[in-house]
Every structure is written in structure tokens, then in C-alpha cells.
Amino acid sequence: NAGVTQTPKFQVLKTGQSMTLQCAQDMNHNSMYWYRQDPGMGLRLIYYSASEGTTDKGEVPNGYNVSRLNKREFSLRLESAAPSQTSVYFCASSDLRDQPQHFGDGTRLSIL
Amino acid sequence: GEDVEQSLFLSVREGDSSVINCTYTDSSSTYLYWYKQEPGAGLQLLTYIFSNMDMKQDQRLTVLLNKKDKHLSLRIADTQTGDSAIYFCAEKNSGYALNFGKGTSLLVTP
């Protein structure tokens, strides 16, 4: 049972490059989320999708866009990467708003 | 968002009990969660408690919630070296986001 799958696991970009982080879940969950994790900061919500066809901003949305492609997939795009976006990115999903969120293994992104 | 506070580091000897503490400030929190993160891995849901409960026990894990003091704790009985990891407390209010603490690094020594 795969759960939440994120690709790629690692990526190095140059400043100004664009990139899309992919996330897919096989639990038939309605809601999906993107977080970033920085040292000493815990996790902060970037964007979320409460259900297929909807997306909303979280705490730190600037510099990112998202697409809820279908119920399974939720992608995060960096249009013009900046060094401040160097982080570990986690995708999560939950069945309903009040159900526990299940996390993928993360994408470690470095921007030079 | 509201702050979730955790101590940064805890060291215990193998076989002892570990207690990781967390305080939160949002009185509208509906659920509170404990996640475990091993090096280079994602967050693994350990357990969670609904805000109208005082205690929840799941094998070696005991969660205590003091809603009046907004204090949450996770007790791990008979701590093993495999329990060494970062433990995150998170609160859930009426919205969609989880509000995470900065994590407590647990080191279990033989």
C-alpha cells in the first residue's frame, strides 16, 4: 500500500528555474496539502485542496502555484525558484477535514 | 497561526519511559496529533486525541490532554533505540491546516 507518493525525492535547481513537484495518493482521500519544512521551523502549510476542483492558500503561498489534477494528484509548481525556497517539501492527504493527515516521504529541494 | 511549543531535545536511557510535552494556545483546537519523523523520512502519524478526551492509550503510547492548561503530553513506555526520532505535536482547529510545533528530538541511549 503506497499511501502518498512524492516525486522527485531530491532536486537541485538554479535560481530562476522552474519546477513541478508531483504528489499522488491511493487512499481515495478528498483533501490534499503541501507543506514545507525548514530547520527549526516545524512544518508550514503552502497550499491545500479541500476537494477535487478546489485549491486555497495556506500560511506561506508566495512563489508557488498548485494544481489539483484529479482526486489522486496534487502538484506544486515553482515558477521562478529562489534560494529562500530551499526546503523539504511534504505532501499530505486526509479523507475529510477532521481526519488525520498522512504524509509522503518528502522532496528535498536545493536552489543555488 | 497560534503557537505550539515543544522542548527541543530529550535524552533517555533504553528501557525508561519518555515523556514529551507540548503546549498550544488555540482553544478552538478540535484534534491534537503526535507525528514521528525519522532521519530523511516523512512524518508518520503515531496517535491523535479528540479535544473532549483526557487520555488515550495505544500499546506503549499514552497521550494525556489537559484542555484547561492547553497541555498535551506523549508518554512512551519501555523506550527503545528505534524510538530515537523527532516527535511533532500538531493541533487542528476548524480550518484545514495542521499547526505544528518545531519538534522534539528524542535520543535513546543504550
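Note on naming: letters A, B, ... go to the chains in the order of the sequence lines (proteins, then strands), and numbering restarts at 1 for each one.
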*Asks:* In the single-linkage hydrophobic clustering (I, L, V, M, F, W, Y; side-chain heavy atoms under 4.5 Å), do A:Val12 and A:Leu76 co-cluster?
*Replies:*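 No, A:Val12 does not connect to A:Leu76 through the hydrophobic network.
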*Asks:* Hydrophobic clusters here meaning ILVMFWY residues chained together by side-chain heavy-atom distances under 4.5 Å, can you tell me if B:Tyr31 and B:Val63 are in one?
*Replies:*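 Yes; tracing contacts between hydrophobic side chains, which count when under 4.5 Å, links both residues.
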*Asks:* Nearest 0.5 Å please: distance from the CG atom of A:Asp38 over to the NZ atom of B:Lys102.
*Replies:*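 Going from the CG atom of A:Asp38 to the NZ atom of B:Lys102 covers 11.0 Å.
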*Asks:* Heavy-atom pairs under 4.5 Å with chain A are the metric here; pick the option from B:Gly103, B:Ala90, B:Ala41 that has the most.
*Replies:*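 Winner by heavy-atom pair count: B:Ala41.
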*Asks:* Under the criterion ring-ring contact (aromatic ring centres under 6.0 Å, His included), which of A:Phe90, A:Tyr35, A:Phe103 is the partner of B:Tyr35?
*Replies:*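 Between B:Tyr35 and the candidates, ring-ring contact (aromatic ring centres under 6.0 Å, His included) is satisfied uniquely by A:Phe103.
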*Asks:* Return the orientation label for the A:Tyr48 and B:Tyr96 ring planes: parallel under 30°, perpendicular over 60°, tilted otherwise.
*Replies:* parallel
*Asks:* Find out if a path of hydrophobic residues (ILVMFWY) with successive side-chain heavy-atom gaps under 4.5 Å connects B:Leu98 to A:Leu43.
*Replies:*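 Per the 4.5 Å side-chain linkage, B:Leu98 and A:Leu43 are co-clustered.
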*Asks:* Would a single hydrophobic cluster contain both B:Val12 and B:Leu107, if residues Ile, Leu, Val, Met, Phe, Trp and Tyr are joined by side-chain heavy-atom contacts under 4.5 Å?
*Replies:* no
*Asks:* Would you give me the side-chain donor-acceptor pairs under 3.5 Å for residues 60-68 of chain A, sequence neighbours excluded?
*Replies:*
unit_1  : atom_1 : unit_2  : atom_2 : d
A:Tyr64 : OH     : A:Arg36 : NH1    : 2.9
A:Tyr64 : OH     : A:Tyr89 : OH     : 2.7
A:Arg68 : NE     : A:Asn70 : O      : 3.0
A:Arg68 : NH1    : A:Asn30 : O      : 3.0
A:Arg68 : NH1    : A:Ser49 : O      : 3.4
A:Arg68 : NH1    : A:Ser49 : OG     : 2.7
A:Arg68 : NH2    : A:Asn30 : O      : 2.9
A:Arg68 : NH2    : A:Lys71 : O      : 2.9

*Asks:* Please check if B:Leu61 and B:Leu64 belong to a single hydrophobic cluster, counting links between Ile, Leu, Val, Met, Phe, Trp and Tyr side chain heavy atoms closer than 4.5 Å.
*Replies:*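 No; tracing contacts between hydrophobic side chains, which count when under 4.5 Å, never links both residues.
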*Asks:* Can you tell me which portion of A:Gln6 sits under 4.5 Å from chain B's heavy atoms? Options are side chain, backbone, both or neither.
*Replies:*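 Neither part, no heavy atoms under 4.5 Å.
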*Asks:* Contact between A:His102 and B:Gln44 at the side-chain level, heavy atoms closer than 4.5 Å - yes or no?
*Replies:* no
*Asks:* So for B:Leu45, is it side chain, backbone, both, or neither that comes closer than 4.5 Å to the heavy atoms of chain A?
*Replies:*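 When you check distances to chain A, only side chain atoms of B:Leu45 fall under 4.5 Å.
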*Asks:* When you measure from the side chain of A:Arg44 to the backbone of B:Phe100, do you find a donor-acceptor pair of N or O atoms at a distance under 3.5 Å?
*Replies:*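 It does not hold such a pair.
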*Asks:* Checking heavy atoms, do the side chain of A:Leu45, its backbone, both or neither come under 4.5 Å from chain B?
*Replies:* side chain
*Asks:* Looking at every non-hydrogen atom in both residues, tell me the closest pair between B:Tyr48 and A:Pro100 and how far apart they are.
*Replies:* CE2-CG, 3.4 Å
